[in-house]
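Working notes for the structure below.
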Amino acid sequence: MEARNLTMRRVILSNLFEYLKLNYDFERPADSFVSGQISDREIDIVLSYKSDHRLGELREALARVESGTYGYCIGCKRPLSRADLEEDPAKRICLACEESFKMCHQQAHTPLFAGSAR
Ligand SMILES: [Zn+2]
């Protein structure tokens, strides 16, 4: 794996670890997570039986590192800003796309004939 990918993997894994520690009294030593040496299979074992949205996001981020799509917006495919990824390493959508998705979402939930039903 490229050095850049390893770095990203480490960042995501240490976030994952902190989250597990905080929310699940996770007691494994941090080393394997923080060094990025933990295998995907081990991660899946650690995460199994936890249906937690945030854990899912972080797991997906790891998969994106693997597939080489990490750090790019899923909407416009442009690279996400470093600041965004530092704020949330599992981020996968840029601000502009997030806004337009929100707008679509809102429109979809606005009744078509709003105001006409009296
Ligand atoms: Zn975008």
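Just so you know, ligand 1 is whichever comes first in the structure, and atom 1 is the first atom listed for that ligand.
Atom CZ of R59 is surrounded by more than 12 heavy atoms from other residues, nucleotides or ligands within 6.0 Å.
Classified by interplanar angle (parallel below 30°, tilted 30° to 60°, perpendicular above 60°), the ring pair F26/F33 is perpendicular.
Here D52 pairs with Y19, Y24 under the side chain to side chain donor-acceptor pair (under 3.5 Å) rule; sequence neighbours left out. Evaluation of the side chain to side chain contact (heavy atoms under 4.5 Å, CB included) rule for Q37 yields S35 as partners, not counting sequence neighbours.
Panel detail: the Zn ion (ligand 1) has protein N, O or S atoms under 2.8 Å away, 4 in number.
Tested against Y70 for a side chain to side chain contact (heavy atoms under 4.5 Å, CB included), the candidates L62, I12, N5 yield a single pass: I12.
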Which pairs would a plain distance check flag for residues 71-85, meaning a side-chain donor or acceptor within less than 3.5 Å of a matching protein atom at least two apart in sequence or in another chain?
from: K77; atom 1: NZ; to: I74; atom 2: O; distance (Å): 3.4
from: S81; atom 1: OG; to: D84; atom 2: N; distance (Å): 3.1
from: S81; atom 1: OG; to: D84; atom 2: OD2; distance (Å): 3.4
from: R82; atom 1: NE; to: E86; atom 2: OE2; distance (Å): 3.4

